[in-house]
Amino acid sequence: MGVAAAVAPAVRRWLGQRRPLRCGAGLRGRWPLPAGGVSLRRCSTRVTLEGINKPVIDRIIRVDHAGEYGANRIYAGQMAVLGRSSAGPIIQQMWNQEKDHLKKFNELMVAYRVRPTVLLPFWNVAGFVLGAGTALLGKKGAMACTVAVEESISDHYNSQIRTLVEEDPEKYKELLQMIKQFRDDEREHHDIGLEHDAEAAPAYSVLKTAIQLGCKAAIFLSERI
Amino acid sequence: RHLTLLVSLLVVRCQLSPPQRPLQASAVLRRVSNEQKKEPLASSSQQQFSSHPTDHQPEQEPQGPRPSYTGQGGQESEDYESEEQLQLRILTAALEFVPEHGWTVEAIAEGAKTLGLSVAAAGMFHSDGSELILHFVSQCNTKLSELLEQEQKLVQLGEAEKKPTDQFLRDAVEARLRMLIPYIEKWPQALSILLLPHNIPSSLNLLTSMIDDIWHYAGDQSTDFNWYTRRAVLTGIYNTTELVMMQDSSPDFEDTWRFLENRVADAMNMGNTANQVQSTGEAVVQGLMGAAVTVSNAETSRAVRAELFLFLSMQNASMFFLPNLEDNMKKNCLS
């Protein structure tokens, strides 16, 4: 029944889907591009896949998508516990930004024809449990979790920015811009967490180390599987 | 292996000196994207024959302009064909001999002959014909992609209607399977070769990229686990239809296309069934909870309570086995 529950909404959407295919060109660079060779148009379902380092971009988008998905679920878990407390509004605001990030990565994923990680259902549960679990430690616990996760993520984004810049900053300009923006958002969340007494949380350093280790493992797995 | 090759080459007047290493199937799959990148046959260090650039000239003659050499050894010109391109041409030429010889080195040798090369050129390839089959599959997949892209163009230009998903999938799988028709006699042999352990990575790769292509052009934009579910389902449909096609003797493979239609319809219905199971399951759980409440409120003896609970649970669980009552009644009225 659990399997059916997982499959049902998915297949339901499959049936109802009548998305028009927008924008034509350049799946394999066979159609003429407008002058300047724009890679991401107003309709992002198509992107020139010619000439990009597909394995590297694949990994980047896959792991970032998984990361935003996980962050989404963490905030959902936190809201489930602390939604009605004083920390509710601030967590909600951070959650909204993560939802926006996820949406952008969904679009990128379709545009670059990247496959999502198989572990998504697992990150779904694990993220929620992490968020709810730390929130049960209180508001400071939730903030500590936020600080740990956001620090991990911004370091990770930084290394991706380095990779892309080393490859070809011009070719990946829009992707770079997006990742830089998201990195700044995540840093902001990290700072908000610190402002709200994350460091006063019970067993802060242990909690932080454990969560960051988990993040590293998640990143490693999501890049590959 | 090298020794027998040496002997055969001494016996046959060779115009081409093949490299000694057996070529991996993956080499066939690598497409030379950059026309400027050339692998000079002459500079292969594994060659046992001293190869002069002049040796290659007769090979080039039937094909196109004579290449100009800037020097001996490693220098090559822009017209010089790479080894991979040559292999591709041989394999493409070999395809027409497959119905007669099967997917074997004989077919490759015949193909090499039509290009004016010696039959020993077939020594470049594996003895089981793997590269020929993989090349064919790759070619078919490329043709399918081009077809789907053409269709998409027409839809975008407004010259064609956008097909519903099940129709699209049916047509795409049918179009791809029809490419097997000229080789259908020997295809079972090919399938068994593709399942050999050393071929599985390549053949799996080709299969998954084809299925991904079909879904992409069908408009799939899923970014969650659906991505995998859909591809798995379509792979199942494709594989089973292919097997049915092997044994189909109806005119123009009608039975196969009907089978395909039913499988795609089943897949579409899977969604509905999953929904029904879920809602039935939820209803049953609620029923059981209600039963528990009833029983706990009943002021009777333990035995009677147990009996009551059992009865109520069975009544609820039987819902699982009853198909949707409304649909059933409708069907009965109509039939």
Side-chain angles (χ1 to χ4, degrees), chain A residues 1-31 43-46 49-51 61-62 64-66 68-69 72 102-124 225, chain B residues 31 33-34 142 145-146 148-158 161-166 168-169 208-209 211-213 215-234 265 267-282 284-285 320:
Chain A
M1 198 170 89
V3 175
V7 167
V11 191
R12 219 184 300 151
R13 254 173 289 154
W14 172 22
L15 296 178
Q17 203 165 302
R18 293 283 183 269
R19 301 246 187 94
L21 288 167
R22 308 173 324 249
C23 247
L27 181 62
R28 286 191 185 80
R30 269 201 285 268
W31 296 0
C43 51
S44 55
T45 49
R46 288 278 196 250
L49 297 182
E50 196 81 43
I61 295 182
R62 179 162 47 247
D64 288 349
H65 175 261
E68 295 300 342
Y69 185 81
N72 212 337
L102 183 62
K103 202 153 67 84
K104 293 252 175 62
F105 273 118
N106 279 337
E107 290 169 14
L108 270 187
M109 191 165 249
V110 172
Y112 281 93
R113 289 183 66 174
V114 176
R115 77 173 167 88
T117 163
V118 207
L119 298 170
L120 276 181
F122 183 69
W123 300 144
N124 187 352
I225 315 181
Chain B
R31 293 283 187 262
S33 52
N34 187 355
T142 312
S145 293
E146 286 170 3
L148 293 176
E149 203 164 319
Q150 284 300 316
E151 262 181 44
Q152 189 186 69
K153 241 202 249 190
L154 290 178
V155 169
Q156 275 161 0
L157 294 174
E161 277 298 306
K162 185 168 190 321
K163 296 185 205 166
T165 312
D166 59 341
F168 185 93
L169 296 178
T208 51
S209 60
I211 298 286
D212 183 45
D213 257 355
W215 266 120
H216 171 78
Y217 286 106
D220 176 40
Q221 296 194 334
S222 45
T223 52
D224 51 6
F225 203 74
N226 273 332
W227 192 96
Y228 291 92
T229 324
R230 292 181 187 186
R231 279 151 184 78
V233 166
L234 188 58
M268 297 288 153
N269 282 337
M270 209 169 66
N272 283 338
T273 316
N275 273 354
Q276 282 188 2
V277 171
Q278 188 185 10
S279 50
T280 309
E282 282 167 0
V284 166
V285 167
F320 256 126

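Just so it is clear: chains get the letters A, B, ... in the order the sequence lines come, proteins before strands, and each one is counted from 1.
Residue contact with chain B, scored on non-hydrogen atoms closer than 4.5 Å, involves the backbone and the side chain of A:V118 alike. Heavy-atom distances place both the backbone and the side chain of B:D212 under 4.5 Å from chain A.
Of all non-hydrogen atoms in B:D224 and A:L120, the two that sit nearest each other are CA-CD1, 3.7 Å. Closest heavy-atom contact between A:V110 and B:Q221: CG2-O, 3.6 Å.
Rounded to the nearest 0.5 Å, atoms CE (A:M109) and OG (B:S222) are 10.0 Å apart. Between atom OG1 of residue B:T223 and atom CG of residue A:L102 there is a gap of 7.0 Å, rounded to the nearest 0.5 Å.
Applying the ring pair (Phe, Tyr, Trp, His ring centres under 6.0 Å) criterion to B:Y228, with sequence neighbours excluded, gives B:F225. A:E68 is linked by a salt bridge (Lys or Arg N to Asp or Glu O under 4.0 Å) to nothing, counting only residues two or more places apart in sequence or in another chain.
With respect to the salt-bridge test (charged N to carboxylate O, under 4.0 angstrom), the residues B:D220 and A:R113 do not qualify.
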